[in-house]
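Here's the structure we're looking at; comments come further down.
The structure presented is a predicted model; accordingly, all values stated were derived computationally and were not measured. Counting convention: from 1, in listed order, for ligands and their atoms alike.
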Amino acid sequence: MKDPRRILLVVSGGIAAYKTPEIVRGLRRAGHDVRCALSTEASRFVAPLSLQAVSGNSVRQDLFDPGEEGEIDHIGLADWADVVLVAPCTANLMAKMAHGHADDLVTAVLLATRAPILVAPAMNVNMWEHPATRANLEILGTRGIHFVGPEAGELACGWEGQGRMSDPAVLVEAVDSLLAPKTLIGECVLVTAGGTVEPIDAVRAITNRSSGKMGFAIAAEAQRRGADVVLIAGVTNLPTPIGVRRVDVGSAIEMRDAVFVEFEQSSIVIKAAAVADFRPAEAIERKIKKEELAGEGRLQLEFVQNPDILADISARKGDRTIVGFAAESHDVIAGAKRKLLLKGCDLMVANDISRIDSGFDVDENAVHFVWPSGEVEALSLLPKSGVSRELFDRIEKLRAPQ
Ligand code: C5P
C-alpha cells in the first residue's frame, strides 16, 4: 500500500483563504498528509487554529520564530513536500515568486522547494489582466509552475470576471492529477458505472442500488494517469470527472449498445456498473393504474434475462484487459471466483455489500482482487480513489511487456 503523499498548502492573503479548511479536508479525505504555511496577511482571512485542527499538524507562519523553526525549519518544510499547493495565490505572491523573493516564510519555502508547485490564483479581474501579472504568469509558466484557475464569475470585490479561485474539489483533483504517474498515456479506458434502469411502465422502473462512486473514481484515476477515458454511466447524480467523456444510458440494453460502440477502440475495460440481470418482459407504454388491479391486489410481472455485457465482451477480448466487479452479500470470494470463470475476464474485484463501511453509496471500499490463477488479494478499507490506484497499478503490471 502506498504511503500518504505530503502536501504543503501555502496560503496567501486573499479573501478566498476562507475556503482553505475545505481544501485541507478534501486533501485529507483523498488520503494525503497536509501541512499549512501562511503569509502574515493570510491569517486575517483564515484562523491558523482552524487549519491546524483540520490538518492535524501545527501551522507555520513566521520565518524567524524559534519555536516554529525548532519544530520543522523552513528548509525542512520545503523538502518535506511532495507537492506544494499555493491557494489562494495573490497577485503580490505571484510577483514575488516570479522574481525570486524570499523575504518571509512562504516565499522562502517556495524558493527552496524542489517539489512541483501548483498555483491557484485569486484576485480582482483587473489585477489578473494587468500586463505585470501576465508577465509574471509567463515567467512562472516557463519555469514549470503549474496553474489551476482562476475561474470567471462574481468576485468578492464586486467585479465580475476572471479571478475566482477554483473550487476546493477542483484543487484537490488537480493535486491528485499532478501526483499521478502518467503511466496510461496511449491507453483508451472504457469504464461503466452506476445502476441500469429497467422500465416497467410509463412511470415505474426497477433498478440496482449503486451510487456509481466506484466507477467514477476509476474513470478519474485513469484520466489522471494520462489515458483517454470514456465513462458509460447509468443512474447517478455524480459530476463527470474532469477530462472524462461521459455517455449516459438507462437500461442494460442501452448500456450494452453504448459499450459495443466504444469497445473497438478501447484497450482497458472496467465494468463497475450494477447491470440489472433481468428486465420486465414487456415495458408497458402507459401507466398501470391501481384500479386495473382492483380486487386482486397483486401485480404480476414477467422478467426476461438481460444480455451479460461482461461475458459478451470478454469473448471478444483480443489483447484488451477486462476487469469485472462482483458485489456480493455472502460467499463473496466464492461468488467472485465463479463469475470470473463464467465471464472470462482478467480480474474480478469482489466487494462485500453486507459491510456498512464499504460498498454502496459510501466513499470507501474494502475489496478483494480475485485472479484467474485462484490467487486472492485482500485490500484494507481504502477511499475509492485509493482502490482505483491499486487497481491500475495491477492493470499496468498485467499490460507491461513480459
Ligand atoms: O451482476 P453480476 O454480479 O453478474 O455482475 C458482475 C460483473 O458483470 C460486473 O462487472 C457487471 O458490470 C457485469 N455485468 C454485465 N452484464 C450483466 C450483469 C453484470 O456486464 N447483465
Give me the residue, atom name and distance of the protein heavy atom closest to [atom].
{"atom": "atom 18 (C) of ligand 1", "result": "D277 OD1, 3.3 Å"}
{"atom": "atom 9 (C) of ligand 1", "result": "F325 O, 2.9 Å"}
{"atom": "atom 16 (N) of ligand 1", "result": "I309 N, 3.1 Å"}

Would you check the N or O atoms of [X], main chain and side chain alike, for any that come under 3.5 Å of an N or O of ligand 1?
{"X": "T192", "answer": "no"}
{"X": "K271", "answer": "yes"}
{"X": "V323", "answer": "no"}
{"X": "A327", "answer": "no"}
{"X": "M348", "answer": "no"}
{"X": "G324", "answer": "no"}
{"X": "A272", "answer": "no"}

If you measure from the Lys or Arg side-chain nitrogens to the Asp or Glu carboxylate oxygens, is any gap between [X] and [Y] under 4.0 Å?
{"X": "K96", "Y": "D103", "result": "yes"}
{"X": "R5", "Y": "D33", "result": "no"}
{"X": "R394", "Y": "E377", "result": "yes"}
{"X": "R245", "Y": "D228", "result": "no"}

| said: Is there a side-chain hydrogen bond (donor to acceptor under 3.5 Å, both in side chains) between R399 and T321? Walk through the geometry before answering. | reply: CA-CA 8 Å; R399 295 185 66 73; T321 303; 2.8 Å; yes
| field | Contacting atoms of ligand 1, where contact means under 4.0 angstrom from a heavy atom of A273 | value |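 Result: 11 (C), 12 (O).
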| query | Counting from 1, what ligand 1 atoms have a heavy atom of K339 closer than 4.0 Å? | reply |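 This gives 2 (P), 3 (O), 4 (O) as the contact atoms.
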| Main-chain N/O of L110 paired to T113 side chain as donor or acceptor, under 3.5 Å |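 Judged by distance alone, no pair lies under 3.5 Å.
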| What part of K343 sits under 4.0 Å from ligand 1 if we count only heavy atoms: the side chain, the backbone, both or neither? |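 Looking at K343 and ligand 1, just side chain atoms fall under 4.0 Å.
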| field | Residue among I7, I72, V59 satisfying side-chain contact (heavy atoms from CB on, under 4.5 Å) with R35 | value |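 Going through the options one by one, the only one that passes is I72.
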| said: Minimum distance, heavy atoms only, to atom 21 (N) of ligand 1: which one of P307, A252, G215 is it? | reply: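 Answer by nearest heavy atom: P307.
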| The one among V259, V349, L340, V275 that brings a heavy atom closest to atom 17 (C) of ligand 1 |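 Going through V259, V349, L340, V275 one by one, V275 has the nearest heavy atom to atom 17 (C) of ligand 1.
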| task | Please check if any side-chain donor atom of S166 sits under 3.5 Å from a side-chain acceptor atom of E151, or the reverse. | result |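 Short answer, yes.
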| request: May I ask you to establish whether R224 and F392 are in a cation-pi arrangement, using a distance under 6.0 Å from NZ or CZ to the six-membered ring centre and at most 45° from the ring axis? | output: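 No, cation not above the ring by the 6.0 Å, 45° rule.
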| side-chain hydrogen bond (donor to acceptor under 3.5 Å, both in side chains) between S58 and E71, worked out | CA-CA 9 Å; S58 57; E71 195 168 326; 2.5 Å; yes
